[in-house]
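Working notes, beginning with the structure itself.
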Amino acid sequence: MRVRPEANGRQSEEAELRIGWFGLWDAFFAVSYLVTSVLLFISADSGLGHSLAIGALTLIVPWYAMLGRRPMIEKTYGPRNLVFAFGLVLLFCITTTFGLIGSFALFAVSPMLIMSLPMTWAVGLLGVVNLFPLTLVWADGADVWGVLAISLLSFALSILLGLWIKRVTQQSKERAQLIEELRRSRERVARLSHEAGISAERERLAREIHDTLAQGLTSIISLIHAAESRMRDEPEQAAGHLSRAGQVAKDSLAEARDFVAARTPPTLRGGSLVQAVRRHADGLVAETGLDVRTSVHGQEAPLPMPVNVVLLRAVQEAIANVRKHAGRARGVDVEVTFEPDAVRLLIRDDGEGFDPDDAQGGYGLRGMRARVAEIDGTVTIGSRPGAGTTVEVHIPMEAARG
């Protein structure tokens, strides 16, 4: 089975965290070994037995490094652990047999047994290593009662120390897992944020393309068809339609360049929202010959550019729908109302209309709703078959003031 590089990376990071903490235990073991060695060197014993005690104690170091350290770090149990534990007990017994002061090594041996074995096995071997020095004292004919209390206390402290070290290693492992989960969560949040940003940008581009290029192309096609139908009998009107088509193409090109650069629409540069609305209404008159009535109510107030853009795009979409779907419409009303607490835009036609319950609206209406919702506004669409269509956009003045 092939393991993904990310999984290998996570496992290596967790191992590094465990190994980093385990260095503290290594230091404790080293100090225990050095203190026991010094005590053996300065003891009154000498000769072969003294050398055997020091040799057995020293063998514990490579025995631990080769067999015991890795299972302790990885928290694994198996035959290797038993071999290490029994060998450790044997070396400890040899050390204390030839140098009773070597029993000081219990401070290192006891935690190693608890960390390398299941608790039942560890307690059994702890009893052996703690009672072995007591057995040597008893065999030597000395008083064992004073040593017995020390041995029992050492046995209890050994278990407590081993359990504490085991608990700390477990907490270290859990902390490493929490850190890893936090890292994964951050990566997931970053990925979702990136995907959300891509989705939002795609939605913005789709709306801009629909409100500029698509509507411009629709106008150009309508003007060219009108010019073709009048080319023979009314050449002057046909030329006017072609001229208007060329102007729409230029405006659409400018709009495309501007939305790619996220700049202000050309119709809003150097003019107000009302002026831009009138220009689009005039364009509808030139293209369709409809009676388009534009009116402004209230005192016109300057609006932030994002609000102007949203309202202008709403006008463009509503006018485009009149051009495409109003059918036998004769007139269109475009009203901009500045109220004390809101700005309202209303586009009403007397065309064929539709049943809102049977039509969910195309992409243009969904895009209009999304744009207006971004600035806390609302869109209301009223229509019924044979009674025309009304589109009303309401933007609270708090949002309009930015």
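A quick note: this is a predicted structure, and the numbers were derived from the prediction, not measured.
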Looking at every non-hydrogen atom in both residues, tell me the closest pair between Ser383 and Gly388 and how far apart they are. OG-O, 2.9 Å
Partners meeting side chain to side chain contact (heavy atoms under 4.5 Å, CB included) with Leu52 (sequence neighbours left out): Leu48, Phe98
So how far is it from Leu82 CG to Arg80 CZ, rounded to the nearest 0.5 Å? 12.5 Å
Rounding to 0.5 Å, atoms CZ (Arg279) and CG (Leu284) come to a distance of 15.5 Å
Can you establish whether the number of heavy atoms outside Arg70 located under 6.0 Å from its atom CZ is more than 12? no
Are side-chain heavy atoms of Phe92 and Val128 found at a separation under 4.5 Å? no
Is the side chain of Asn308 donor-acceptor paired with the backbone N or O of Leu303 at a distance under 3.5 Å, no angle test? yes
Indicate yes or no for a side-chain donor-acceptor contact from Thr96 to the backbone of Pro133 under 3.5 Å, with no hydrogens or angles considered. no
With distance as the sole test, does Asp350 use its side chain to make a donor-acceptor pair with the main-chain N or O of Arg330 at under 3.5 Å? yes
Start with the C-alpha gap between Phe29 and Ile60, add the side-chain angles, then the distance that decides, and say whether side chain to side chain contact (heavy atoms under 4.5 Å, CB included) holds. CA-CA 10 Å; Phe29 170 70; Ile60 292 177; 4.1 Å; yes
Any donor-acceptor N/O pair, Asn81 side chain to Leu117 backbone, under 3.5 Å: no
How many angstroms lie between atom CG of Leu136 and atom CG of Leu131, to the nearest 0.5 angstrom? 11.0 Å
Just how far is it from atom OG1 of Thr337 to atom NE2 of His394, taken to the nearest 0.5 Å? 10.5 Å
Phe86 and Leu125 have their tightest heavy-atom pair at CE2-CD2, 4.0 Å
Heavy-atom check, side chain of Leu312 versus side chain of His280, under 4.5 Å: yes
Where the side chain of Arg344 meets the backbone of Glu392, is there a donor-acceptor pair that is under 3.5 Å apart? no
If you define the side chain from C-beta out and look only at heavy atoms, does anything of Phe338 sit under 4.5 Å from Val274? yes
Are side-chain heavy atoms of Thr95 and Leu40 found at a separation under 4.5 Å? yes
With rounding to the nearest 0.5 Å, note down the distance linking OG1 in Thr389 to CD1 in Ile347. 11.5 Å
A side-chain contact here means heavy atoms from C-beta on lying under 4.5 Å apart; do Leu345 and Val315 qualify? yes
For Ala281 against Thr294, the heavy-atom pair lying closest together: CB-OG1, 3.4 Å
Take Val307 and Val343 through the side chain to side chain contact (heavy atoms under 4.5 Å, CB included) test and state the conclusion after the steps. CA-CA 10 Å; Val307 177; Val343 179; 5.8 Å; no
Gap between atom CD1 of Ile381 and atom CE of Met368 - 0.5 Å precision: 6.5 Å
By side-chain hydrogen bond (donor to acceptor under 3.5 Å, both in side chains), Arg293 pairs with (sequence neighbours left out) Asp291, Asp333
Enclosure of Trp121 CH2 (heavy-atom neighbours >12, cutoff 6.0 Å): no
Scanning both residues in full, the closest heavy-atom pair of Leu88 with Trp63 reads N-NE1, 3.5 Å
Considering all heavy atoms, the nearest Arg348-Glu335 contact: NH2-OE2, 3.4 Å
Just checking, is any N or O donor in the side chain of Gln275 or Arg278 under 3.5 Å from an acceptor N or O on the other one? no
Quick one: are Tyr33 and Leu57 in side-chain contact, heavy atoms under 4.5 Å? yes
Answer yes when Arg183 and Glu187 have at least one side-chain N-carboxylate O distance shorter than 4.0 Å, and no when they do not. yes
Determine the minimum heavy-atom distance between Gly99 and Ala53, stating which atoms define it. N-CB, 4.0 Å
